[in-house]
Chemist: 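The structure under discussion is supplied below as structure tokens; questions concerning it will follow.
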Protein chains: 2
Amino acid sequence: MTHEKALSALADPTRRTVFERLRSGPKSAGHLAQGLAVSRPAVSQHLKALREAGLVADEKRGRSRIYRIEHGGLEALRSYLDSFWGDVLDAYKEALEHDERDQNSD
Amino acid sequence: MTHEKALSALADPTRRTVFERLRSGPKSAGHLAQGLAVSRPAVSQHLKALREAGLVADEKRGRSRIYRIEHGGLEALRSYLDSFWGDVLDAYKEALEHDERDQNSD
DNA sequence: ACTTTATGTAAGCATAGACTTACGTTTTAA
DNA sequence: TTAAAACGTAAGTCTATGCTTACATAAAGT
């Protein structure tokens, strides 16, 4: 259940920018920070948050560290979202038939 | 593309709780607030954020207001997540073949 | 017409967290 | 063996935002 961390990780704009830069392939921390409005240490902290959310993985290569997108966090998020589709439609169809205000206790 | 608002909306724990309570069907604002650790006005503010993110829709029924899950925000989020699957795998396969550190400019 | 119920909004406060500068560590190059 | 390059971490600041109390509005009951 890491969808909580994945959500708050991707909620921040600059952190999302860092994450999206990995779309075109793995990159070093320094490269990820280049051209951004924030400092390099800030990017390091963002990468830590992304890693703890299972959204990126890192590998040491020489004196730099290469980051890549990790699918675990993405899958956790996706299955969380998908869990709404079925449930919701059924519950709503029922609510419509009964033509009620609110009834359920949860 | 409202996936930004949807992400920051679902990032907050209590707001997520409110949203998840709609799983079992539409409910009034007051009913959604019952049993929560926060006050009722706080829930109202959360519902506003969820509405602006396209995650819930509301309808006035008598003197109460019924909220339901809106699929727009969920779909925006899902397509955002899905946009990573294809891109990423291709770019990474290439990076693996070339056996490189970081090369791309974006 | 008043009162009660159900809700949203305003203003202010308090904390989480995003950012900075400064420093420590490890690896490569001179 | 110094120096430099690439990175993470610490400590402190500042702002975004989640929360509260108080007030406003609107519908329904008496």
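The chains referred to below are lettered A, B, ... by the order of the sequence lines, with proteins before strands, and numbering in each begins at 1.
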Chemist: When the distance from NE2 of B/His46 to P of D/dA16 is rounded to whole Å, what number comes out?
Modeler: 19 Å

Chemist: Is the backbone N or O of B/Leu10 less than 3.5 Å from a side-chain atom of B/Arg15, with the two atoms forming a donor-acceptor pair by type?
Modeler: no

Chemist: Round to a whole Å and report the spacing from CG of A/Leu32 to P of D/dA6.
Modeler: 14 Å

Chemist: Heavy-atom contacts under 4.0 Å between residues 11-19 of chain B and DNA chain D, which residues?
Modeler: B/Asp12, B/Thr14, B/Arg15

Chemist: Should the ring pair A/His3 and A/Tyr80 be called parallel, tilted or perpendicular, given that the plane angle runs from 0 to 90° and is split at 30 and 60?
Modeler: parallel

Chemist: Please state how far atom CG in A/Asp58 lies from atom P in D/dA6, giving the value in whole angstrom units.
Modeler: 18 Å

Chemist: Quick one: label B/Ala29 by what it contacts on the DNA or RNA (base, sugar-phosphate, nothing), any heavy atom closer than 4.0 Å.
Modeler: sugar-phosphate

Chemist: Kindly determine whether B/Arg78 and A/Asp82 satisfy salt bridge (charged side-chain N to carboxylate O under 4.0 Å, His left out), including the steps that lead there.
Modeler: CA-CA 8 Å; B/Arg78 199 152 84 104; A/Asp82 286 353; 3.3 Å; yes

Chemist: Return whichever of B/Arg65 or A/Ala37 has its heavy-atom-nearest nucleotide of DNA chain C closer to the 5' end.
Modeler: B/Arg65

Chemist: Between P on D/dA6 and NZ on A/Lys27, what's the gap in Å once rounded to a whole number?
Modeler: 17 Å

Chemist: Could you state the atom-to-atom distance from CD of B/Gln45 to C1' of D/dC23 in whole Å?
Modeler: 14 Å

Chemist: Quick one: on DNA chain D, does A/Val43 or B/Ser8 contact a more 5' nucleotide (nearest heavy atom)?
Modeler: A/Val43

Chemist: Flag the pair A/Val43 / A/Pro41 as yes when at least one side-chain heavy-atom distance between them is below 4.5 Å, and no otherwise.
Modeler: no

Chemist: Between A/Leu22 and A/Tyr67, what is the shortest heavy-atom contact and its length?
Modeler: CD2-O, 3.4 Å

Chemist: Are any of the side-chain heavy atoms of A/Arg51 and A/Val56 separated by less than 4.5 Å?
Modeler: yes

Chemist: Let me have a per-nucleotide readout for nucleotides 25-30 of chain D, 5' to 3', with B, S or -, counting only protein heavy atoms under 4.0 Å.
Modeler: -SBS--

Chemist: Has B/Ser39 got a side-chain N or O lying under 4.0 Å from the OP1 or OP2 atom of D/dC19?
Modeler: no

Chemist: Got a second to check how far B/Lys5's NZ is from B/Leu77's CG, nearest 0.5 Å?
Modeler: 13.5 Å

Chemist: Please report, rounded to the nearest Å, how far the C1' atom of D/dT17 is from the CD atom of B/Glu52.
Modeler: 14 Å

Chemist: Sequence neighbours excluded, which residues qualify as side-chain contact (heavy atoms from CB on, under 4.5 Å) partners of B/Arg40?
Modeler: B/Ala33, B/Ser44

Chemist: Is the side chain of B/Arg21 donor-acceptor paired with the backbone N or O of B/Leu32 at a distance under 3.5 Å, no angle test?
Modeler: yes

Chemist: Can you give me the first and the last nucleotide of DNA chain C (5' to 3') that has an atom within less than 4.0 angstrom of a non-hydrogen atom in chain A?
Modeler: C/dA18 to C/dT28

Chemist: Can you list the residues that meet the side chain to side chain donor-acceptor pair (under 3.5 Å) rule with B/Thr14, with sequence neighbours excluded?
Modeler: B/Asp12, B/His46

Chemist: Once you round it to whole Å, what is the distance between C1' of D/dA6 and CD of A/Gln34?
Modeler: 12 Å

Chemist: Between the side chains of A/Ser28 and A/Arg61, does any donor sit under 3.5 Å from an acceptor?
Modeler: no

Chemist: For A/Gln34, give me all partners under side-chain contact (heavy atoms from CB on, under 4.5 Å), at least two apart in sequence or on another chain.
Modeler: A/His31

Chemist: Within less than 4.0 Å of OP1 or OP2 of D/dG8, is there a side-chain N or O belonging to A/Tyr67?
Modeler: yes

